[in-house]
*Asks:* 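First the structure, then my questions, so here it is.
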Amino acid sequence: MHKKFEHKEIEKKWQKIWKESGIYNVGTRDLSREKEYVLVEWPYPSGNLHIGHWFAFAVVDIYVRAHRMQGKQVLFPMGFDAFGLPAENAAIKRNLDPRAWTESNIVHMREQLEQMGNAFSWDKTTSSTDEEYFEWTQWIFTRFFEKDIAFRGEATVNWCPGCNTVIANEQVLSDGTCERSGDVVDKRSMMQWMLKITDYADRLINDLEPLDWPDHIKESQKQWIGRSSGAEIPFTLSTGDVLSVFTTRPDTLYGATYLVLAPEHDFIIRSKNKIQNWESVIRYSQEASQKDDIARLKSEKEKTGIKLEGITATNPANGEEIPVFIADYVLKGYGTGIIMAVPAHDERDYAFATKFNLPIKQVVVPCANDSHNPPKNDYGEVKRDTIIVHLRNKSTGKFALLNWHESLEGITTAIMGGIEQGQTAEEAVINEINEEAGLKNIKIIHRLPWVTAARYCASHKNENRCAHSFAFIAEVENLNNQEITSQHEQNLHSLMWVEESEVLDLLTPDHQKQVWKMLHSNEVATAPGYLMNSEEFDGMNSEEAKVAITEKVGGKMKNTYRLRDWSIGRQRYWGVPIPIVYDPEGKPHVIPKEYLPWKLPTDVDFKPTGEAPLAKSSELKERVESIFGKGWTPEVETMDTFVDSSWYFFRYLDAHNTDLFSSKEKQNEWMPIDIYFGGSEHNTMHLLYSRFFTKVLYDLGLSAVDEPYKKRINRGLVLGPDGNKMSKSKGNVIDPDEQVSRLGADTVKMYLAFMGPYGEMADYPWDMGGIVGLRRFLERAYGLSEHITESNSLETARLLHKTIDKITRDIEQYKFNTAISALMIFINAVEKIGISNNDYTIFLKLLAPFAPHLSEELWSAIGNKGSIHQSQWPVAEEKFLLEETATIGVQINGKMRGSITVAYDADEASVVTALTSSDEYSAKIHSEIARVIYIKNKLINIILSKT
RNA sequence: GCUGGAGUGGCGGAAUUGGUAUACGCGCGCGACUCAAAAUCGCGUUCCGCAAGGAUUGAGGGUUCAAGUCCCUCCUCCAGCACCA
């Protein structure tokens with residue numbers, strides 16, 4: 001029966017008791033219990049809790065409560081990330097002090113968080129704007145400065161005209177606008193405070209591997225860091241300068257037919273006298289550097305550039321004189337800012353070369369890439385009789401490579417027995433291509449040097465297996481005139497890769513596409529393969545050639561990264577002041593620890609003008625002079641708020657430590673964070689920055705771990721009822737306070753947990769009707785005591801223990817939705833069959849993590865003194881999990897025909913007998929049973945003989 | 001274009017990881033209670049069909065006694081990156 005309950009009264013009552021008794025405080029580490037550090041991203045105190053906060057915190061609370069009941073000591077802290085622009089903007093708008101605004105918001109939001117009824121460890125809270133917090137943000141900065149991790153350097157920065165400050169790359173959206181204000185971001189070159197995150201690029205990639213994180217987050221971090229391995233190759237110019245280019249394809253050096261410099265490259269200014277067309281060159285360079293990202297994107301395909309007249313370079317591989325260009329498709333900030341252009345094997349170079357009529361020289365025959373595995377025989381040896389056929393399209397002059405080996409049927413016939421009298425093996429292969437693929441007029445025009453075939457085999461470390469290998473170039477005479485149909489393509493494919501299982505081993509799908517493209521389209525062959533037109537390297541594969549050619553020309557193998565150093569200076573007021581002062585010579589010095597926290601001055605008009613507000617403070621100026629002496633000046637920038645959140649999880653552990661940001665002892669007790677729940681918007685920013693901080697602190701001997709987060713779970717978004725992202729302008733915002741007051745905190749929490757699986761990054765629309773279902777469920781739970789019976793029903797006990805088992809397992813996998821479903825199934829059944837006192841108590845415990853207020857109320861109503869949240873989680877008893885009977889599926893000839901109930905663990909013979917003697921199935925088993933597949937307690941499949 | 005992920009009723013979603021597809025909830029339909037409505041309770045609800053029965057997990061193919069789950073081809077959607085050499 002439904003029974004209405006007064007959620008407001010119940011919630012108020014228990015929240016007060018919980019707060020007073022402090023039952024959710026963790027206190028000191030209790031070594032008798034297993035620890036678990038559960039972290040959620042600390043919120044920005046914008047003033048009001050929104051539904052996203054509920055989704056982020058209330059659902060995770062289920063996990064925390066269940067684990068506490070299971071005996072773990074769970075740290076579940078909450079705090080506030082309270083510096084940042086919204087406070088400053090609100091303060092400007094309302095003419096308030098940002099600190100006062102922030103602090104009153106924190107008070108209000110903490111109240112709202114308490115109304116959520118979460119089991120937060122409030123004894124461990126902190127806030128980034130507390131003096132005792134930012135003192136340590138500053139102290140960490142000074143340590144970073146001493147280790148040259150923090151430095152001042154010239155950098156191209158993103159300037160947001162709306163926010164009047166520099167913002168990080170990560171805060172610029174893909175359309176070139178600011179993620180906060182939406183204004184188009186300018187590029188400016190400025191002296192900036194930066195953190196040397198690039199020094200950690202390799203570790204940030206490599207250390208991802210062992211982490212228990214979803215692959216997509218690891219992938220986006222890898223992409224963000226963007227490591228590419230290649231080589232730096234020195235080119236000597238006619239001016240005598242030696243310039244290095246960065247390339248990922250040193251194997252294509254013989255095909256490099258010109259050089260391209262970034263328009264901003266300093267060689268250009270340096271060589272003013274030697275550039276004959278200086279006027280036009282400098283004009284182009286200036287135009288290019290003024291183009292912002294959007295303009296560059298718009299002209300994506302259309303290549304522009306200008307030749308440096310009077311300057312040439314020498315290709316170090318073959319000594320050829322090649323021209324030098326500048327073009328805006330080469331970026332100053334990546335690699336060395338210079339490329340060697342290989343139009344035959346790079347699409348951008350190809351586009352440029354076509355436009356400027358530059359020579360295009362193919363040096364690689366595309367083939368399988370480096371994941372390519374040669375076919376093996378049954379003994380794991382590389383198979384013999386490899387045949388390599390290079391096909392050349394006569395009209396385009398392009399090459400493609402096919403290769404076969406003995407086990408492929410079409411060729412096997414030709415080689416092993418199908419070679420007709422007087423026919424060579426090559427001719428047999430050509431016949432096959434002609435006949436099977438329908439590509440006419442193919443003829444051998446050139447036998448490749450034997451070395452090509454030999455190298456091919458040698459590269460697979462099987463030299464003595466090459467006895468029968470051969471290679472040649474066959475020409476497809478009129479391929480372009482032939483109508484190439486998909487039938488041709490199919491035929492060629494089937495010729496090449498007869499056995500499907502071989503396809504994987506022999507050639508990658510990429511290669512298949514590549515070969516075909518080479519033959520009949522104008523696409524550029526970018527895949528690695530085997531070299532040609534490369535003197536002594538002919539026939540070598542790309543991977544080996546990369547090293548060999550780099551070595552020959554005196555280059556060196558090198559990695560390059562997309563990641564840039566993190567610029568952290570902000571020309572705004574409401575942030576942590578960078579703890580630096582300048583001596584009269586302008587040299588920066590850290591502010592000694594005794595003067596930390598280095599506070600924000602209060603005499604500042606912080607309206608954004610583009611100039612840092614702190615520069616206008618006489619209070620700050622005087623403070624510096626009185627401490628450091630005349631002529632000393634303060635740093636006037638504040639830090640990006642991502643700095644604050646890069647180490648907050650350390651501070652929770654030891655929030656009131658006045659000697660250290662976080663003691664090693666406390667860290668050893670709690671780190672690493674066992675699980676970090678958060679949103680995907682932090683995948684490449686906060687998550688990367690805080691990993692970087694942890695590594696630097698580790699290297700400084702200040703952190704116990706070098707990776708902070710063992711496991712990460714990303715949740716999705718709660719969308720508006722219309723399926724769109726909630727926004728004021730769309731009028732589809734759900735206010736959690738309103739929902740809580742209407743239906744109760746437990747209902748809202750359970751609804752959010754029930755919408756779908758947590759941590760799959762899926763977005764769920766808020767369903768006004770859906771939430772009512774959860775309220776109904778809780779009302780039925782409230783009325784469940786009316787179904788208490790004297791006797792203990794075995795049926796209920798069985799179901800209960802199955803439910804315990806299911807819920808316990810589901811919570812471990814963050815499948816709160818199916819756990820709730822199990823609770824519903826239980827209630828549905830018990831309302832019909834009744835429940836004993838003891839089982840009722842157990843049910844309440846199962847309900848406790850999901851509905852903390854209501855379960856506490858019901859728990860006390862049956863006379864319990866302590867809190868249900870400090871009781872022990874029930875354990876499913878094996879004996880109740882065993883069934884007496886099993887209803888198993890019945891298949892006849894693999895088709896589902898129904899089900900039959902038999903004894904639990906019944907053997908095959910008895911089930912077959914039961915079937916053949918049943919009215920329902922005997923008729924269907926109309927002939928001899930040929931075979932029986934029996935899966936105990938699941939299914940039986942009767943295969944009848946054909947007659 | 002590259003990388004990663006996902007496609008199951010009217011909707012949110014379930015399926016012990018190869019073994020009875022559509023649990024649970026919403027919605028909807030019918031009935032009960034009511035002067036009536038709401039709330040509540042009962043029954044039904046993947047689709048076609050009166051039924052027997054048949055079809056069905058984005059499309060097509062394959063492996064298997066058995067496929068939502070594994071393999072191949074294709075389509076669609078979401079997320080990240082994108083003139084990165």
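Within every chain, numbering begins at 1; the chains are lettered A, B, ... in the order of the sequence lines, protein sequences first and strands thereafter.
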*Asks:* Could you state the NE2-P distance from A:H216 to B:G80, rounded to the nearest angstrom?
*Replies:* 11 Å
*Asks:* Taking only residues two or more places apart in sequence or in another chain, which ones pass side-chain contact (heavy atoms from CB on, under 4.5 Å) with A:V553?
*Replies:* A:I233, A:L253, A:P316, A:A317
*Asks:* Given the P atoms of B:C41 and B:G25, what is the spacing between them in whole Å?
*Replies:* 11 Å
*Asks:* For the residue pair A:K303 and A:Y329, would you count it as a cation-pi contact if the rule is NZ or CZ under 6.0 angstrom from the ring centre and within 45 degrees of the ring axis?
*Replies:* yes
*Asks:* Look at the side chain of A:V330 and decide which nucleotide, out of B:G5, B:G13, B:A85, has an atom nearest to it.
*Replies:* B:A85
*Asks:* Measure from NZ or CZ of A:R691 to the centre of the six-membered ring of A:W213, then state whether that distance is under 6.0 Å and the direction lies within 45° of the axis.
*Replies:* yes
*Asks:* I'd like the C1' distance from B:G62 over to B:C48, given in whole Å.
*Replies:* 29 Å
*Asks:* Taking for each residue the nucleotide of RNA chain B with the nearest heavy atom, is it A:Q223 or A:G773 whose nucleotide lies nearer the 5' end?
*Replies:* A:G773
*Asks:* Using the benzene-type ring in the case of Trp, are the ring centres of A:F325 and A:F356 under 6.0 Å apart?
*Replies:* yes
*Asks:* Rounded to whole angstrom, note down the C1' distance from B:U46 over to B:U40.
*Replies:* 28 Å
*Asks:* How many whole angstroms separate atom CZ of A:R715 from atom P of B:G5?
*Replies:* 22 Å
*Asks:* Can you name the one residue among A:Y764, A:W54, A:F55 that meets side-chain contact (heavy atoms from CB on, under 4.5 Å) with A:V718?
*Replies:* A:F55
*Asks:* Applying the side-chain contact (heavy atoms from CB on, under 4.5 Å) criterion to A:K222, which one of A:I205, A:I217, A:L204 satisfies it?
*Replies:* A:I205
*Asks:* Please enumerate all residues that pass side-chain contact (heavy atoms from CB on, under 4.5 Å) together with A:I734, with sequence neighbours excluded.
*Replies:* A:I51, A:P721, A:M726, A:Q739, A:W766, A:M768
*Asks:* If anything within 90° of 0 is syn and all else is anti, what is B:G9?
*Replies:* syn
*Asks:* Taking atom P of B:C24 as reference, at what distance in whole Å does atom CZ of A:F826 sit?
*Replies:* 16 Å
*Asks:* Syn or anti for B:U69, with syn set at within 90° of 0?
*Replies:* anti
*Asks:* Ignoring the backbone of A:Y329, work out which of B:C81, B:C83, B:G25 is nearest its side chain.
*Replies:* B:C83
*Asks:* Using the C1' atom as the point on both nucleotides, what is the distance between B:C81 and B:G10, in whole Å?
*Replies:* 37 Å
*Asks:* Taking atom C1' in both B:G9 and B:A55, what distance in whole Å separates the two?
*Replies:* 14 Å
*Asks:* Taking CG from A:D810 and P from B:C24, how many angstroms apart are they, rounded to a whole number?
*Replies:* 15 Å
*Asks:* How long is the line joining CZ of A:R227 and C1' of B:A82, in whole Å?
*Replies:* 19 Å
*Asks:* With a 4.0 Å cut-off on heavy atoms, is A:K895 in touch with a base, just the backbone sugar-phosphate, or nothing at all?
*Replies:* sugar-phosphate
*Asks:* Return each pair, listed once, that meets salt bridge (Lys or Arg N to Asp or Glu O under 4.0 Å) where at least one residue sits in residues 243-255 of chain A; pairs must be two or more places apart or across chains.
*Replies:* A:R249-A:D251
*Asks:* Between B:G12 atom C1' and A:Y758 atom OH, what is the distance in whole Å?
*Replies:* 17 Å
*Asks:* Using a 6.0 Å distance limit plus a 45 degree cone around the ring axis, check whether A:R775 lies over the aromatic ring of A:F5.
*Replies:* yes
*Asks:* Give the B/S/- string for nucleotides 16-23 of chain B, one per nucleotide from 5' to 3', where a protein heavy atom under 4.0 Å of the base yields B, of only the sugar-phosphate yields S, and otherwise -.
*Replies:* B--BBS-B
*Asks:* Pick base, sugar-phosphate or nothing for A:G769, based on heavy-atom distances below 4.0 Å to the nucleic acid.
*Replies:* sugar-phosphate
*Asks:* Can you check whether A:V59 reaches A:Y814 side chain to side chain, under 4.5 Å on heavy atoms?
*Replies:* no
*Asks:* Is any side-chain N or O of A:R562 closer than 4.0 Å to OP1 or OP2 of B:A82?
*Replies:* yes
*Asks:* Quick check on RNA chain B: between A:G770 and A:Y561, whose nearest nucleotide comes earlier from the 5' end?
*Replies:* A:G770
*Asks:* What's the gap between B:G68 and B:G7 when it is taken at their C1' atoms, as a whole Å value?
*Replies:* 11 Å
*Asks:* What integer distance in Å separates A:I820:CD1 from B:G13:C1'?
*Replies:* 13 Å
*Asks:* Roughly how many Å is it from CG in A:L774 to C1' in B:C26, rounded to a whole number?
*Replies:* 10 Å
*Asks:* Taking any heavy-atom pair under 4.0 Å as a contact, classify A:R897: base, sugar-phosphate, or nothing.
*Replies:* sugar-phosphate
*Asks:* Sticking with atom C1', work out how far B:A67 lies from B:U57, rounded to a whole angstrom.
*Replies:* 11 Å
*Asks:* Both atom distances under 3.5 Å, Watson-Crick or G-U wobble: I'd like the secondary structure of RNA chain B as a dot-bracket string, with | for pairs made across strands.
*Replies:* (((((((..(((......[....)))((((((.......))))))(((....)))..(((((..]....))))))))))))....
*Asks:* Contact between A:N683 and A:Q221 at the side-chain level, heavy atoms closer than 4.5 Å - yes or no?
*Replies:* no
*Asks:* When the P atoms of B:A32 and B:A38 are considered, how many whole Å apart are they?
*Replies:* 14 Å
*Asks:* Suppose we screen for side-chain contact (heavy atoms from CB on, under 4.5 Å). Which residues come up paired with A:R798, at least two apart in sequence or across chains?
*Replies:* A:L794, A:E883, A:E884
*Asks:* So if I take every side-chain heavy atom of A:R776 and compare against B:A55, B:C26, B:G54, which nucleotide ends up nearest?
*Replies:* B:C26
*Asks:* Under 4.0 Å between any heavy atoms, over every strand shown, what does A:N683 touch: base, sugar-phosphate, or nothing? Just pick one.
*Replies:* nothing
*Asks:* Kindly say if A:Y334 contacts the phosphate of B:A85, meaning a side-chain N or O under 4.0 Å from OP1 or OP2.
*Replies:* yes
*Asks:* Please determine if a side-chain N or O atom of A:S228 lies less than 4.0 Å away from the OP1 or OP2 oxygen of B:A85.
*Replies:* yes
*Asks:* State which of B:C41, B:A39, B:G4 makes the closest approach to the side chain of A:R780.
*Replies:* B:C41
*Asks:* Side chain of A:K303 only, please: which of B:C83, B:C81, B:C41 is the nearest?
*Replies:* B:C83
